[in-house]
Amino acid sequence: VKPRILVLGATGFIGKRVLEALWSSDWALPIAASRRRMKHAGADRPEAVQLDATDAGQLRRAMEGVSGVVNCVLGDSRTIVEGARALFSVAGGMPQPPRIVHFSSLAIYGEAAGDVDESAAPVGRLSAYGAAKFETERLAAANPSVVTLRPGIVYGPGGAQWSGRIAQLLYAHRLGDLGRGGDGYCNLVYIDDVAEAVLRALRLPNVESKAFNLSLPDPPTWNQYLGRYAAALGAVPVKRISQRRLRLESKLMAPPQKIAEILAGKLSPRLVARLPQPIPPSLVRLFQQEIRMKVGLAEQCLGLRWTPLEEGLSRTAAWYRPKVSSSVVANSLAPR
Amino acid sequence: MILDSHDLPDGHTLQAEVCIIGAGAAGIAMALDFVGTGIDVLMLEAGGRTEESDTQALYAGSVVDARMHSPPDRYRQRRLGGTTTIWGGRCMPFDAIDFEARDYVPHSGWPLAREALLPYYARANPLCEAGEFAYTAEEAFHRPTRPIIDGFSSGNFTADTLERFSCPTDFAARYGHKLEAAQNVRTLLHANVTHVQLNAAGRAVDHLIVRNLRGQRFTVRAANFVLATGGLEVARLLLASRDVQQQGIGNQHDVVGRYYMCHIAGTIGAIKIDRPPASVWHGYEISDEGIYCRRRFALRETVQRSLGIGNFVGRLHHPRISNPEHRNAVLSLLFLAQLIIPYEYRVRLAGAESTRLAEWLRHIRNVVLGSTDAAGFAWHMLRDRRLAERKFPTIIIHSKANLYSLDFHAEQQPNPSSRVGLSAEPDALGMPRISVDWRYTAGDVDTVSRAVALLAEDFRRQRIGTFDYDPDSVETEMTRYGAFGGHHIGTARMGADPRSSVVNADCRLHDVGNLFIASSATFPTSSQANPTLTVVAFALRLSAHLKSLMRPPQTRAAAAVEPLECA
């Protein structure tokens with residue numbers, strides 16, 4: 001009998017890919033769990049349960065008989081922390097606690113710079129997201145069956161945040177060569193490598209209670225990433241974005257754009273897609289953060305190998321390009 | 001971190017493993033390359049974060065013939081970032097032929113070939129924010145680009161090589177935050193090196209004397225010292241430090257300060273192209289990375305060899321601005337705008353002659369009559385140059401009448417009589433000021449004369465159009481504005497023979513074991529190319545050399561391996 005693996009947050013970018021990877025493996029029987037309604041199980045798709053991951057009762061029922069749980073739940077800080085609290089407490093109460101693969105983040109290192117390995121403490125102020133993830137790791141410490149993954153910037157086909165949004169901003173020439181504003185390292189990790197890390201973290205011995213950074217070992221700077229991604233997309237020539245422009249975008253334009261996005265979200269998701277993406281100050285700070293995650297532990301203990309950047313970017317660009325109207329591409333390529 | 005000598009106690013001694021003198025293009029490139037290596041680096045910068053008139057005045061000096069050379073405190077900046085704070089950003093590498101010993105160019109030949117620099121050029125290019133190291137149209141563009149003149153094809157010139165443009169990047173503004181954050185690199189502002197103290201045997205630098213304008217004095221000790229100032233200041237410091245080596249450091253054979261080169265540049269002739277205006281493109285193409293690139297007519301190496309002349313490039317250029325006869329509103333606008341353009345850019349724009357009132361009025365008339373064109377141009381310059389971080393590099397004016405001139409930039413031959421020396425007059429810190437005696441040779445006139453004649457002949461033979469110029473005016477035109485400003489080359493040249501050079505191929509003084517030079521001062525010949533990119537490439541080569549000397553690769557590799565525990 002194949003072990004049953006519950007994937008929480010199975011409709012998100014990472015959850016969906018993890019689910020697919022488990023489904024196509026020959027050893028696992030995945031169960032998709034999400035707040036959203038999903039299609040019922042069939043020959044071509046796994047079993048699905050609709051649940052609120054912060055509700056311990058619902059979780060307990062879903063976790064009956066599972067030998068592994070992958071926690072990819074997205075949401076606000078409260079959802080992240082309460083979801084993790086419920087998960088760890090339910091698992092702790094089970095006679096045979098399942099292996100839990102829990103997603104943390106690069107954000108728990110705060111404003112750290114330089115090379116950071118998994119033992120590094122946070123530096124400076126944590127974002128709300130980083131603080132929530134940090135709290136979940138504290139909660140996880142009490143549960144010996146948890147393996148924590150700390151991915152950097154997860155990119156790849158289907159990634160709205162780091163692939164879709166960035167592509168849109170590159171086509172609009174609102175991002176590009178950021179000069180000194182883009183000297184930070186972009187700790188990229190390709191979505192398939194993240195899914196592979198999950199699969200290995202579910203099965204390998206001696207990885208429990210450990211945390212693993214996930215990133216390309218020699219990450220590009222944000223300027224390099226934006227330049228190469230723009231080239232792969234055909235969003236060229238890359239535009240130099242001045243520091244003045246970045247300040248204007250993040251401080252003046254981003255707040256009303258965010259409000260418009262929230263209001264539009266209440267009306268129609270289609271409308272949201274048509275609005276200009278905000279470039280919030282947190283993103284501008286990230287572009288400058290010269291932090292490089294050390295990934296020797298993931299390579300050694302999980303045996304991970306990384307998808308080369310050019311390969312990942314070309315697959316990502318191939319996914320995004322058809323979404324762009326031909327006039328945008330033509331405009332972008334026209335000599336100026 | 002960035003410190004200020006004003007905050008140090010008087011008489012303080014600073015120690016480092018490497019001391020870099022000068023935080024300009026070379027110094028900052030090296031300092032950045034040392035970040036994170038664990039090597040303790042101290043970079044001394046004479047100026048502060050902005051231009052300060054009293055500090056800048058330390059650069060003042062005299063010029064033997066004021067028509068031939070700009071005042072020494074022009075075209076160079078004594079401040080963090082050095083002259084990158086005002087440079088034009090034109091990048092191009094030296095050509096292979098520039099490194100060769102050519103019997104028709106006296107004193108030519110480098111102790112290394114261009115290949116030795118290629119890995120460092122590849123890193124220098126992005127550091128200067130000029131994109132990838134791709135200097136032909138074919139390498140740089142994956143799409144067809146416009147030729148300068150449709151159908152022009154010549155055995156004498158190639159129009160396929162490019163010049164690429166930096167933002168132009170001010171190294172202090174661009175990389176200052178990295179210097180601030182660096183743990184192992186200290187940058188000390190207001191640190192004027194006034195003396196290089198050799199040990200008694202004269203074989204090594206013992207320490208530096210550093211002073212500031214508040215009267216404080218410091219000592220700097222290090223294992224290795226790098227003189228990373230511009231070509232004029234290198235000569236000044238070496239010549240002025242003469243207590244142990246009485247001729248000045250490295251100057252036993254009277255080489256320091258000699259062979260001083262700039263470039264030979266000017267604008268000549270009236271070109272009328274007999275093709276539709278759309279078949280002429282003397283402007284820029286933008287590469288996928290967003291870099292402004294421009295083709296030019298480059299004299300082929302085979303032709304240089306067969307004619308025995310120096311390196312040369314030419315570009316189509318607008319007619320001379322100062323003459324209102326061009327009746328072009330944009331050119332007249334530029335002429336009138338000279339009042340608000342910085343000196344370094346004004347000189348070649350406005351012309352050296354004084355302008356009569358009638359001419360001023362005719363320029364105003366041109367602007368009024370062509371006010372739409374003038375307004376369009378003003379908007380382009382505001383949007384694409386003034387407000388842009390990556391600036392539109394130069395003024396490009398397409399002529400509806402297909403009228404142009406030729407703008408040329410040629411190699412100047414090394415000449416021991418062209419020199420930078422010391423004057424008797426001291427500056428505010430007691431350092432002798434420099435005296436510049438720049439001279440060109442008959443060979444330089446010959447290079448320009450014959451290259452221009454070849455191009456005119458190519459135009460005629462291929463029925464491109466007419467290129468009218470007076471062959472007797474070449475020398476006048478190439479010296480109309482004197483030596484090309486800001487390119488200070490050759491004053492501490494590189495070579496294998498200590499009798500005719502100052503540093504070896506590692507940029508180390510022949511007889512001073514721990515003193516290196518990262519500067520255009522070390523270039524034995526000047527090429528057709530602007531020097532900054534090559535300065536940065538040599539700086540990166542030198543920092544790599546110093547790293548391998550101070551931290552051999554095997555010890556670094558051993559330190560990097562850390563066992564990881566999975567069990």
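In the text below, chain A, chain B and the rest are named by the order of the sequence lines, each starting its count at 1.
Within the 4.5 Å cutoff, no side-chain heavy atoms of A:D177 are placed close to those of B:E289. When side chains are defined from C-beta on, B:K178 counts as touching A:E290, because their heavy atoms get closer than 4.5 Å.
By a heavy-atom distance cut of under 4.5 Å, B:L387, B:E389, B:R390 are the residues of residues 375-390 of chain B near chain A, going up by number. Applying a 4.5 Å heavy-atom cutoff, the residues of residues 166-174 of chain B that approach chain A are B:C167, B:A173, B:R174.
Neither the backbone nor the side chain of A:L204 has a heavy atom closer than 4.5 Å to any heavy atom of chain B. Contact of A:R180 with chain B is made through backbone and side chain together, with heavy-atom distances under 4.5 Å. Neither the backbone nor the side chain of A:D115 comes within contact range of chain B, judged by heavy atoms closer than 4.5 Å.
When all heavy atoms of A:P237 and B:S287 are compared, the closest pair comes out as CB-O, 3.3 Å.
Around CD of A:E310, the count of heavy atoms belonging to other residues, nucleotides or ligands within 6.0 Å exceeds 12.
The CZ atom of A:R228 sits 14.5 Å away from the CG atom of B:D288 when rounded to the nearest 0.5 Å.
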